[in-house]
Amino acid sequence: MLDSLFNIDCGYLEGLVRGFRNGILRQTDYLNLVQCETLDDLKLHLQSTDYGNFLANEPSPLQVSVIDDKLREKLVIEFQHLRNHAVEPLATFMDYITYGYMIDNIVLLITGALHQRPISELMPKCHPLGTFDQIEAINVANTSVELYNAVLVDTPLAEFFGECVSEQDLDELNIEIIRNTLYKAYLESFYNYCKGLGGTTADVMCPILAFEADRRAFIITVNSFGTELTKEDRAKLYPTCGRLYPDGLAALARADDPENVKQVAEFYTEYRALFEGAGNNPGEKTLEDKFFEYEVKLNVNAFMQQFHCGVFYSYLRLKEQECRNVVWIAECIAQKHRAKIDNYIPIL
Amino acid sequence: MGFTAYLKSYALYGFYFYSALIVAIAIGYTITDQGERIDFGWLLEGISPYMYASIGIGLVVSLSVIGAATGIFTTGVSIVGGGVRTPRIKTKNLISVIFCEAVAIYGLIIAIILAGLIAEYPPIVNEETFQIFKQNLFSSYLMFGCGILVGLTNLFCGLSVGVVGSAAALADAADPSLFVRILIVEIFGSAIGLFGLIVGVLLVSKAKMGDTS
């Protein structure tokens, strides 16, 4: 009985987002796209899909970066339209989704400032969903305390900072640690919010966010081999809202090489299946690809249930994956290196 | 968030307290050998037949309308949302709204029948008027029962038709061949409201209020 009360506030938007989801490229569209010889062919094939004439005004030698920007722009317009019409609790939910992009933008700007790039060159590279007021003031900060006090205390990210503000100057390693600490706090906060919403939203979103947390734990571990990140520091970066908490995370913190990581994954059925057959040899899928495939599967399944907010999150993720696919195919076409053109992740 | 949790715990502990109070009073009466004073039969018979009949009519219309309204907003919003990207679903899916509206009409029919049955009866002065009063009391129980019966069946029928109608609209937007199949599910959902109507009409066929025996 309580499920259909969701429709009072969010029913129209759910109908709209399902309409958008029906326009996601299918396998037949991808088969057409991989057979294109030039980027103009690609543009022609995209015209017959939901994208329509989005590239109509671009000058003739098309570039892949232009295609990427336009794909993202369409997605951002749709998301912002949905967000503008949303009321609580959907509005807070969609705001949570944007915090992830805000974190990426902040790290991008700080890294750029570290390498003495002018702010005007960096601003177009920021993700539009993650902008906030005063974002340009970030490059004046040299230490994380200044960053926090000057800029971030007024943004929604203030509560994610916690203990990671310190007097040390911002440098390469620190910035990555800050990014991962912020993201950990954000993911756990989002997970708790979804759990608080309860009902179908929690049923759908909590497994997706748990997988995201575990995936970050694996990737942080694998990427930290051979760097100066100590094991204790690494353990502090793992988000605890996943299925690996607490035993898997403790085992990952002790891992020394990729074999150990694979052994940790052996204890969890889904993750064992992902690690098997993953490798860097030609003909095998990489681990990241397998993670993407699993994420796509979880997000497609979110649409199987009605009356929950998770469809908005899943739609965004699926569209992003589609953008990555189209850009991958476009790159292969542009560089005339078609050996791996079939390595996109099929969605529907 | 905190306010509703506060309210919920207040309601829960209030419920515990008041039910404990009632049970304590009942035990008090029983152990002091005044158990006959707790007389539900006296209470039920003491309520006027007019009250039973009117409450029955009020319940049938209000509960039916709640069911129909819930169904209409559930399915109507999904039709509109889905119709933005897929305009062809708009006309076909109005059938779901019609099914929900039918639920309210069942309630209306029963209410009109019941309202037509209400009549005044003479006060109890002798044996004959007492028999008339018993007849009226019987009829008023039937009308009250019919009101609750039809009201509750229509409430849940409207709810279910609404949820199925919403799913039908969104599935139709994705794949046109699904609509007729889901419509069959919706027809079954609508049939349960009809069961309520039939039983209700059967029930009040024996009801007769008024001052003749």
Side-chain angles (χ1 to χ4, degrees), chain A residues 1-24 26 49-52 74 77-78 81-82 85-90 92-93 189 192-202 300 302-309 311-312 315 318-319 347-348, chain B residues 1-5 8 63 66-90 93-94 96-97 100 103 152-179 182 185-186 189:
Chain A
M1 183 170 194
L2 298 169
D3 265 353
S4 55
L5 295 179
F6 173 86
N7 264 15
I8 299 179
D9 286 328
C10 313
Y12 169 73
L13 293 177
E14 181 181 4
L16 196 55
V17 89
R18 280 176 188 268
F20 288 148
R21 174 250 188 239
N22 290 336
I24 288 184
R26 310 196 169 250
T49 67
D50 220 32
Y51 282 105
K74 179 169 190 292
I77 290 176
E78 288 172 356
H81 177 81
L82 292 170
H85 284 261
V87 290
E88 295 300 326
L90 185 59
T92 310
F93 185 87
S189 176
N192 290 334
Y193 179 72
C194 290
K195 242 190 159 55
L197 286 181
T200 323
T201 306
V300 167
F303 282 92
M304 296 296 132
Q305 298 205 53
Q306 219 184 336
F307 308 130
H308 61 92
C309 301
V311 286
F312 297 93
Y315 168 68
L318 288 179
K319 269 306 231 195
I347 297 176
L348 284 180
Chain B
M1 269 294 161
F3 180 68
T4 48
K8 262 193 222 171
L63 292 177
I66 292 179
T70 316
I72 291 180
F73 79 61
T74 307
T75 185
V77 172
S78 291
I79 295 175
V80 170
V84 171
R85 302 284 306 177
T86 329
R88 63 178 163 79
I89 71 167
K90 291 189 317 259
N93 280 277
L94 288 180
S96 308
V97 179
C100 290
V103 154
L152 285 178
T153 51
N154 285 345
L155 173 64
F156 292 111
C157 172
L159 229 53
S160 85
V161 172
V163 172
V164 176
S166 159
L170 297 175
D172 188 17
D175 182 357
S177 64
L178 289 174
F179 178 68
I182 302 186
V185 176
E186 216 175 310

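Chain naming here is simple, since letters A, B, ... match the order of the sequence lines and numbering starts at 1 in each. The structure displayed is predicted, hence computed values, not measured ones.
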Peer 1: Checking heavy atoms, do the side chain of A167(B), its backbone, both or neither come under 4.5 Å from chain A?
Peer 2: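 For A167(B), the contact with chain A is made by backbone and side chain together.
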Peer 1: Let me know if F20(A) has heavy atoms under 4.5 Å from chain B in its side chain, its backbone, both or neither.
Peer 2: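 Contact with chain B is through both the backbone and side chain of F20(A).
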Peer 1: Measuring heavy-atom distances to chain B, does N7(A) have an atom under 4.5 Å in its side chain, in its backbone, in both, or in neither?
Peer 2: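 Contact with chain B: backbone and side chain both.
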Peer 1: To check you understand the geometry: which heavy-atom pair defines the closest contact between V163(B) and S4(A), and what is its length?
Peer 2: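 It is CG2-CB, 3.9 Å.
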Peer 1: Below 4.5 Å from any heavy atom of chain A, which atoms of S166(B) appear? Answer side chain, backbone, both or neither.
Peer 2: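 Contact with chain A is through both the backbone and side chain of S166(B).
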Peer 1: Testing the basics here: between Q306(A) and L170(B), what is the closest heavy-atom pair and its distance to 0.1 Å?
Peer 2: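 That would be NE2-CD1, 3.1 Å.
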Peer 1: Please report the closest heavy-atom contact between V77(B) and Y12(A), naming both atoms and the distance.
Peer 2: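 It is CG1-N, 2.9 Å.
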